[in-house]
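Okay, so here's the structure we're looking at.
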Amino acid sequence: MNNSSIPDITLPASDHHRLERLAQVGADQGDVDARFLLSEINRAEVIPDRAARLDSIVTMGSWVTFWINWGFARETRQLVYPEDYTSERTQIPVMSPLGAALVGLKVGSEIPFFTAGRTNFVRIESVSRADPNDVVGVLFSNHVPQGKKLFETMIRDHQQLRKGEKVMSKTNRQSKPEVMLPPITVMEDEARRLNALASSSAMLFPRVAHFLAQELERASVVADNSDLPGVVRMGSQVRYCDDKTGEVRDVVLVYPHEADITLNRVSVLTPVGAALIGLSVGHSIEFQTPGHNKRSLTVVGVSN
């Protein structure tokens, strides 16, 4: 698998413009992954957004099936911008060693990338624009005939779910329970750094930067030498539970330039990261994903 040649990469014009700005900001801050991404962007061929050959190329939002170092199981994940990163299991942020390596590759290509102190190789097996768990895709691949009314109902319900709505009857659609936000605590220095991060990221990542700024605005800010056992801080090792699926995950909360999906290092400039900061063990919080769905998590353990 260790082919010394570097494959060509191709980017649609819209991806190229946004990725270039994103990578440049990170590179100016000394982010190694951003510098790798910027070098890939600078050598890319840029083509129109609707070019036919993009169907076999990894673009932002693509679902990519790939192998890392022959012998490991293949994986399928979606390549996303950092602000859209909500799931360690199903997504890859482009500002990570693997994400930066994948973007712009065509099916059949392989490329080396460096992470966790070693060089790995990734090979692209297939690319799809459709979510493999998308109910619409399942419907179209299902050979069992569906009644027109049933089909339309399933499509409508699916669209509501994609917008973050519950599929409800007209009678109970009127009432919405009030969301109670848990208290959060942040130290002075971290509050200053995080406010500056939210402000500087507002143009590139408006949704998550706004969410982080809102959380910091309501936070209790304490002295840097305060003892905060059981409170999520930057650098904390956090165990949390996804309240919908029951899945328990262990992550380290870090600044964007320190994030690494392979090491479970989650950026505070992601919906999950921004939701975690300042929470205490036992507290739960509801937040919105990039797809406008609601998620909820509960902190079950913190180690600082």
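A heavy-atom distance below 4.5 Å is not found between the side chains of Trp63 and Arg129. Side-chain contact between Ser201 and Leu269: present, with at least one pair of heavy atoms (C-beta onward) separated by less than 4.5 Å. Between Met234 and Val268 there is a side-chain heavy-atom pair separated by less than 4.5 Å. Counting only heavy atoms from C-beta outward, the side chains of Phe114 and Val32 never approach each other to under 4.5 Å. No side-chain heavy atom of Phe113 sits under 4.5 Å from any side-chain heavy atom of Leu102. Between Leu22 and Met95, some side-chain heavy-atom pair lies under the 4.5 Å cut-off. Contact annotation: the side chain of Glu75 approaches that of Phe66 to within less than 4.5 Å [non-hydrogen atoms, C-beta and beyond].
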Test side-chain hydrogen bond (donor to acceptor under 3.5 Å, both in side chains) applied to Ser14 and Asp49, step by step: CA-CA 7 Å; Ser14 58; Asp49 287 352; 3.1 Å; yes

Is there a side chain to side chain contact (heavy atoms under 4.5 Å, CB included) between Gln78 and Ile92 once you walk through the steps? CA-CA 6 Å; Gln78 184 185 32; Ile92 302 169; over 6 Å; no

Leu228 and Thr185: side chain to side chain contact (heavy atoms under 4.5 Å, CB included), yes or no, with the steps? CA-CA 8 Å; Leu228 297 176; Thr185 307; 4.0 Å; yes

List the steps, then state whether side chain to side chain contact (heavy atoms under 4.5 Å, CB included) holds for Val127 with Asp55. CA-CA 7 Å; Val127 176; Asp55 289 344; over 6 Å; no

Worked verdict on Val252 versus Val266 for side chain to side chain contact (heavy atoms under 4.5 Å, CB included): CA-CA 6 Å; Val252 180; Val266 173; over 6 Å; no

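Here the closest non-hydrogen pair linking His16 and Val46 is CD2-CG2, 3.4 Å. Residues Ser226 and Met187 share a closest heavy-atom pair of O-CE, 2.9 Å. Closest heavy-atom contact between Pro256 and Asp31: O-OD2, 4.2 Å. Closest heavy-atom contact between Ala34 and Gly26: CB-C, 3.5 Å. Shown here for Pro112 and Phe36, the closest heavy-atom pair between the two residues is O-CZ, 4.4 Å. Of all heavy-atom pairs between Val302 and Gly230, the closest is CG2-O, 3.9 Å.
Applying the under-4.5 Å side-chain rule to Ile, Leu, Val, Met, Phe, Trp and Tyr, the cluster around Val221 consists of that residue alone. In this structure, Ile47 shares a hydrophobic cluster with Leu54, Ile57, the cluster being traced through Ile, Leu, Val, Met, Phe, Trp and Tyr side chains under 4.5 angstrom apart. Hydrophobic cluster membership for Leu38: none, as no Ile, Leu, Val, Met, Phe, Trp or Tyr side chain comes under 4.5 Å of it.
Salt bridge Glu125/Arg74: present, at least one basic N to carboxylate O contact under 4.0 Å.
For the pair Arg193 and Tyr255, the cation-pi test (distance below 6.0 Å, angle within 45°) is passed.
Hydrophobic clustering, with ILVMFWY side chains joined whenever heavy atoms are under 4.5 angstrom apart, groups Val231 together with Val222. Residues Val254 and Leu37 fall into different hydrophobic clusters, defined by Ile, Leu, Val, Met, Phe, Trp and Tyr side chains chained together at heavy-atom separations under 4.5 Å.
Between the CZ atom in Arg43 and the CG atom in Leu11 there is a gap of 9.5 Å [rounded to 0.5 Å]. In this structure, the separation between CZ on Arg77 and CD on Gln91 is 10.0 Å, given to the nearest 0.5 Å. In this structure, CZ in Arg265 is found 9.5 Å from CD in Gln237, a value given to the nearest 0.5 Å. Separation of atoms CD1 (Ile111) and CZ (Arg123) is listed at 13.0 Å; rounding is to 0.5 Å. Summarising the geometry, atom NZ belonging to Lys244 is positioned 14.0 Å from atom CG belonging to Leu297; distances are rounded to the nearest 0.5 Å. In this structure, CZ in Phe211 is found 9.5 Å from OG1 in Thr270, a value given to the nearest 0.5 Å.
Legend: residues meeting salt bridge (Lys or Arg N to Asp or Glu O under 4.0 Å) with Arg35, ordered by chain and number and at least two apart, are absent. Residues satisfying the salt bridge (Lys or Arg N to Asp or Glu O under 4.0 Å) criterion with Arg50, sequence neighbours excluded, are absent altogether. For the side chain to side chain contact (heavy atoms under 4.5 Å, CB included) test, residues two or more places apart in sequence or in another chain that qualify with Ala219 are Ile184, Val186. Residues forming a side chain to side chain donor-acceptor pair (under 3.5 Å) with Ser236 (at least two apart in sequence, or on another chain): Asn304. By the salt bridge (Lys or Arg N to Asp or Glu O under 4.0 Å) test, Glu188 pairs with no residue at all, sequence neighbours left out. Residues that satisfy the salt bridge (Lys or Arg N to Asp or Glu O under 4.0 Å) test with Arg239, not counting sequence neighbours, are Asp250.
Counting only residues at least two apart or in different chains, salt bridge (Lys or Arg N to Asp or Glu O under 4.0 Å) contacts with residues 216-232 comprise Glu215-Arg218. Within the structure, salt bridge (Lys or Arg N to Asp or Glu O under 4.0 Å) contacts touching residues 5-27 (residues at least two apart or in different chains) are Arg18-Glu83.
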Under 3.5 Å donor-acceptor pairs involving side-chain atoms of residues 272-284, not counting sequence neighbours:
residue	atom	partner	partner atom	Å
Ser284	OG	Thr298	OG1	2.5

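Checking Ser62 against Thr59 by side-chain atom types alone, a donor-acceptor pair falls below 3.5 Å.
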